[in-house]
Amino acid sequence: MANTILVGAQWGDEGKGKIIDFLTENADIVVRSQGGNNAGHTVILGEKKYVLHLIPSGILRPGKTCVIGNGVVIDPVAVVGEIEGLRAQKIKVSKNNLLISDAAHIVFPYHRALDEQREIAKGKKKIGTTKRGIGPAYGDKAARTGLRMCDLVQPEIFTEKLRAKNRENNAILKALGATPISFQETLDAYLDAAEKLAPFVTNTVVFLHEALKNEREILFEGAQGTFLDIDHGTYPFVTSSNTTAGGACTGSGVPPHRMDRVMGVMKAYTTRVGEGPFPTENDEIGDMLHAMGREFGATTGRARRCGWFDAVATRYAAMINGIDELAVTNLDGLDTMRRIKVCTHYKFGRRTLDVPPTDSRQLAECVPIYEEFDGWQTPTVAAKKWDDLPKNAQRYLEKLAEFTGAKLRIVSVGPDREHTILL
Ligand code: GDP
Ligand code: IMO
Ligand code: MG
């Protein structure tokens, strides 16, 4: 029995959804513990494509229980939409396989409006958020003025709390010259969602502890990635939650000593969506991947910025998260390259750094020092086991694991569940 925390080791979109779906085969429960519907996790099963935002990717496997934990910020209307979308794709979703924490905070339309206004006010210095209201919702949580799922399912209490919050936020929106939010429309939509979600809402901490007692295996599905972490990421170009391993504990109520291993997911190169420093960014790789129809955001459709693998970043991610094992995805994205670069250190002025500087402005000035590798220039998508991979691909993967400082466990060579090599 092993409880596993799965985290993104880069800037998000590492392929967490795909790996979670793969690992769920041997787990009982899959938990989301942070983030909101800023996340977009893609799972491909044959002809079918699923994009999960708030619901754990484990939902696609029958007989597994999925939990949206207390650390997640929930847009109730969006979850209802997601449940209905999954049902339309013939995936069963009921209170038998989905539980939602009664302590999770709620995202409202005024959070989205404020998210947008703050981005406008920042002008060129904007973060490039997903505009899902994530920052303002976590802001209310920290300010102790948020509404939670336990409020949503009590209509009278909810109505009064929302009335006051909506009024307060409309005053701010008006001052910013933005359109105020209709209280009545919001109330109607949220009470409608409340009725649909009420059967799912419960104390998920109690459920998870019961599961621990019964030795059921739990998988924690990280959202975003290490460098989008509010504490450890490239602040202020980050999201508003702890995307690193510790977030799985606080966001679920499962204590640290019950966690058995941490797996880090990373692409064989690097991507980032939104603004902020990205030392190994390289337009050539970006143009190549975009021409293949790849690396467009699963949530906002934005083209992702692309670059070489950054081992300074992944090594730091291994430290913060305590990564034991690695899943490397999108190896096939490099199939056509003649030479492949990996950043092993940064040059910052006269200094050589092996960890990223804390200050984003300094990170933006860092110049990558690269080690180069011969490509394999062979399609890898059909590889089923390690020995099927070209020698140069094996060597490249071994180097990524060595530079990062963790054991290579999974290699992904295509988007489908089938395109996965377990070592
Ligand atoms: P997540 O947010 O970490 O779950 O990742 P996303 O789903 O946002 O982005 C990862 C993208 O890469 C998705 O389009 C996946 O279908 C795709 N993907 C994952 N692993 C592989 C792989 O090994 N090869 C290819 N070609 N695509 C992959
Ligand atoms: P998954 O789980 C990639 C980025 C946004 C922006 C910054 C802040 O699919 O890996 P936010 O809306 O959270 O306030 O935006 O974080 N971002 C992501 N980038 N993958 C994600 O999730 C992301 N969620 C947020 O682009 O730069
Ligand atoms: Mg994503």
Side-chain angles (χ1 to χ4, degrees), residues 6-22 32 34-45 48-54 56-57 72-73 75 107 111-112 114-116 118-119 126-139 221-230 233-241 243 264-278 289 292-306 327-335 379-381 383 410-421:
L6 186 120
V7 291
Q10 297 162 323
W11 275 275
D13 301 328
E14 296 92 346
K16 298 175 294 293
K18 180 197 153 151
I19 301 300
I20 284 286
D21 166 71
F22 179 79
R32 267 283 303 272
Q34 44 71 226
N37 60 342
N38 47 349
H41 298 175
T42 316
V43 183
I44 308 247
L45 304 178
K48 291 202 169 160
K49 175 176 170 173
Y50 304 89
V51 182
L52 289 312
H53 298 286
L54 276 157
S57 305
V72 176
V73 287
D75 177 335
V107 181
H111 290 132
R112 283 196 297 275
L114 288 170
D115 193 352
E116 183 158 13
R118 286 178 191 170
E119 286 283 270
K126 71 174 191 215
I127 299 166
T129 73
T130 59
K131 301 206 179 106
R132 296 297 189 272
I134 305 301
Y138 276 115
E221 174 175 356
Q224 292 82 50
T226 298
F227 295 96
L228 292 173
D229 184 283
I230 182 79
T234 49
Y235 193 90
F237 303 99
V238 292
T239 190
S240 299
S241 64
T243 62
V265 189
M266 54 202 211
K267 281 177 173 149
Y269 46 93
T270 312
T271 65
R272 165 162 214 174
V273 60
E275 307 302 317
F278 181 1
L289 292 163
M292 292 156 78
R294 295 166 58 151
E295 300 308 346
F296 292 93
T299 296
T300 57
R302 291 177 291 177
R304 294 176 183 145
R305 298 156 66 192
C306 302
V328 177
T329 69
N330 287 274
L331 181 73
D332 55 307
L334 300 177
D335 281 352
T380 51
V381 69
I410 293 176
V411 179
S412 172
V413 291
D416 200 280
R417 192 187 274 173
E418 300 298 317
H419 302 141
T420 316
I421 301 170

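In what follows, every heavy atom counts, from backbone to side chain, and hydrogens, waters and symmetry copies are set aside. Worth saying up front: this structure is predicted, and the values here are computed from it rather than measured. Atoms within a ligand are numbered from 1 in the order they appear, just like the ligands themselves.
The N/O atoms of Glu275, backbone and side chain alike, include none that comes under 3.5 Å of an N/O atom in ligand 2. Checking only distances, Arg132 never comes within under 3.5 Å of ligand 2, N or O to N or O. The shortest N/O to N/O separation between Glu14 and ligand 2 does not fall below 3.5 Å. Between Lys131 and ligand 2, not a single N/O pair is under 3.5 Å apart. Residue His41 has at least one nitrogen or oxygen atom sitting less than 3.5 Å from a nitrogen or oxygen atom of ligand 2, judged on distance alone. Considering both main-chain and side-chain atoms, Asp115 never comes within under 3.5 Å of ligand 2 through any nitrogen or oxygen pair.
For the residue pair Thr243 and Gln224, no side-chain donor N or O sits within less than 3.5 Å of a side-chain acceptor on the partner.
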For side-chain contact (heavy atoms from CB on, under 4.5 Å), just list the numbers for Thr299 and Arg132, CA-CA rounded to whole Å, side-chain angles, deciding distance to a tenth of an Å, and then say yes or no. CA-CA 10 Å; Thr299 296; Arg132 296 297 189 272; 3.3 Å; yes

side-chain hydrogen bond (donor to acceptor under 3.5 Å, both in side chains) between Lys18 and Thr420, intermediate numbers included: CA-CA 9 Å; Lys18 180 197 153 151; Thr420 316; 3.0 Å; yes

Full working for side-chain contact (heavy atoms from CB on, under 4.5 Å) between Arg302 and Thr130: CA-CA 10 Å; Arg302 291 177 291 177; Thr130 59; 4.0 Å; yes

Run the side-chain hydrogen bond (donor to acceptor under 3.5 Å, both in side chains) test on Ser57 and Asp21 for me, step by step, so that the C-alpha distance in whole Å, both residues' side-chain angles and the decisive distance to 0.1 Å come before the verdict. CA-CA 6 Å; Ser57 305; Asp21 166 71; over 6 Å; no

Any chance you could lay out the side-chain contact (heavy atoms from CB on, under 4.5 Å) test for Arg272 and Leu228, step after step, and finish with the verdict? CA-CA 10 Å; Arg272 165 162 214 174; Leu228 292 173; 4.1 Å; yes

Could you go through the side-chain contact (heavy atoms from CB on, under 4.5 Å) check for Asp75 and Arg112 one step at a time? CA-CA 10 Å; Asp75 177 335; Arg112 283 196 297 275; 2.8 Å; yes

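Of all protein N/O/S atoms, those under 2.8 Å from the Mg ion (ligand 3) are Asp13 OD1, Gly40 O, and waters are not counted.
If you look at Val273 next to ligand 2, the close heavy atoms, those under 4.0 Å, come from the backbone and the side chain alike. At a heavy-atom cutoff of 4.0 Å, ligand 2 is contacted by the side chain of Lys16 but not by its backbone. With a 4.0 Å cut-off on non-hydrogen atoms, Trp11 touches ligand 2 through its backbone and not its side chain. Residue Val238 touches ligand 2 through its backbone alone, judged by heavy-atom distances below 4.0 Å.
Using a 4.5 Å heavy-atom cutoff, the side chains of Val7 and Glu14 are not in contact. For the pair Ile421/Val413, a side-chain contact is recorded, criterion being any heavy-atom separation below 4.5 Å from C-beta on. No side-chain heavy atom of Phe278 sits less than 4.5 Å from a side-chain heavy atom of Thr234. Residues Leu289 and Tyr269 are in side-chain contact: their nearest non-hydrogen atoms beyond the backbone lie under 4.5 Å apart.
Summary of contacts: the protein heavy atom closest to atom 15 (O) of ligand 2 is Thr129 CA, 3.4 Å. The shortest contact between atom 3 (C) of ligand 2 and any protein heavy atom is with Asp13 OD2, 3.2 Å. Residue, atom and distance of the protein heavy atom nearest to atom 23 (C) of ligand 2 are Gln224 CG, 3.6 Å. Considering only non-hydrogen protein atoms, atom 12 (O) of ligand 2 sits nearest to Thr130 OG1, 2.6 Å.
Heavy-atom minimum distance, Ala298 versus Thr42: CB-OG1, 3.8 Å. Across every non-hydrogen atom of Pro136 and Arg118, the tightest pair is CG-NH1, 3.6 Å. Taking every heavy atom of both residues into account, Phe237 and Pro277 meet most closely at CD1-CD, 3.8 Å. When all heavy atoms of Val381 and Gly414 are compared, the pair lying nearest together is CG2-CA, 4.5 Å. Closest heavy-atom contact between Ala9 and Met266: CB-CB, 4.2 Å.
A salt bridge links Asp13 to Arg304: at least one charged side-chain nitrogen sits closer than 4.0 Å to a carboxylate oxygen.
The closest approach between Gly40 and ligand 2 falls below 4.0 Å for a heavy atom of the residue. Using a 4.0 Å heavy-atom cutoff, Arg272 is absent from the residues neighbouring ligand 2.
For the atom pair CD1 of Ile44 and CZ of Arg417, the computed distance is 12.0 Å after rounding to the nearest 0.5 Å. Here the NZ atom belonging to Lys49 is positioned 12.5 Å from the CG atom belonging to Asp416, to the nearest 0.5 angstrom. Rounding to the nearest 0.5 Å places CD of Glu295 at 3.5 Å from NZ of Lys267.
Close contacts between ligand 2 and Ala223 involve ligand atoms 2 (O) [criterion: under 4.0 Å to a heavy atom]. Atoms of ligand 2 lying under 4.0 Å from any heavy atom of Ile127, numbered from 1 in the order shown and given with element: 8 (C), 27 (O). Distances below 4.0 Å separate heavy atoms of Ala39 from the following atoms of ligand 2: 1 (P), 2 (O), 9 (O), 22 (O).
Within 4.0 Å of ligand 1, heavy atoms belong to protein residues Asp13, Glu14, Gly15, Lys16, Gly17, Lys18, Gly40, His41, Thr42, Arg294, Ala298, Arg304, Thr329, Asn330, Asp332, Ser412, Val413, Gly414, Pro415.
Evaluated by nearest non-hydrogen atom to atom 6 (C) of ligand 2, the leading choice among Gly274, Gly128, Gly12 is Gly128. Closest heavy-atom approach to atom 17 (N) of ligand 2 among the candidates Leu228, Thr239, Thr234: Leu228.
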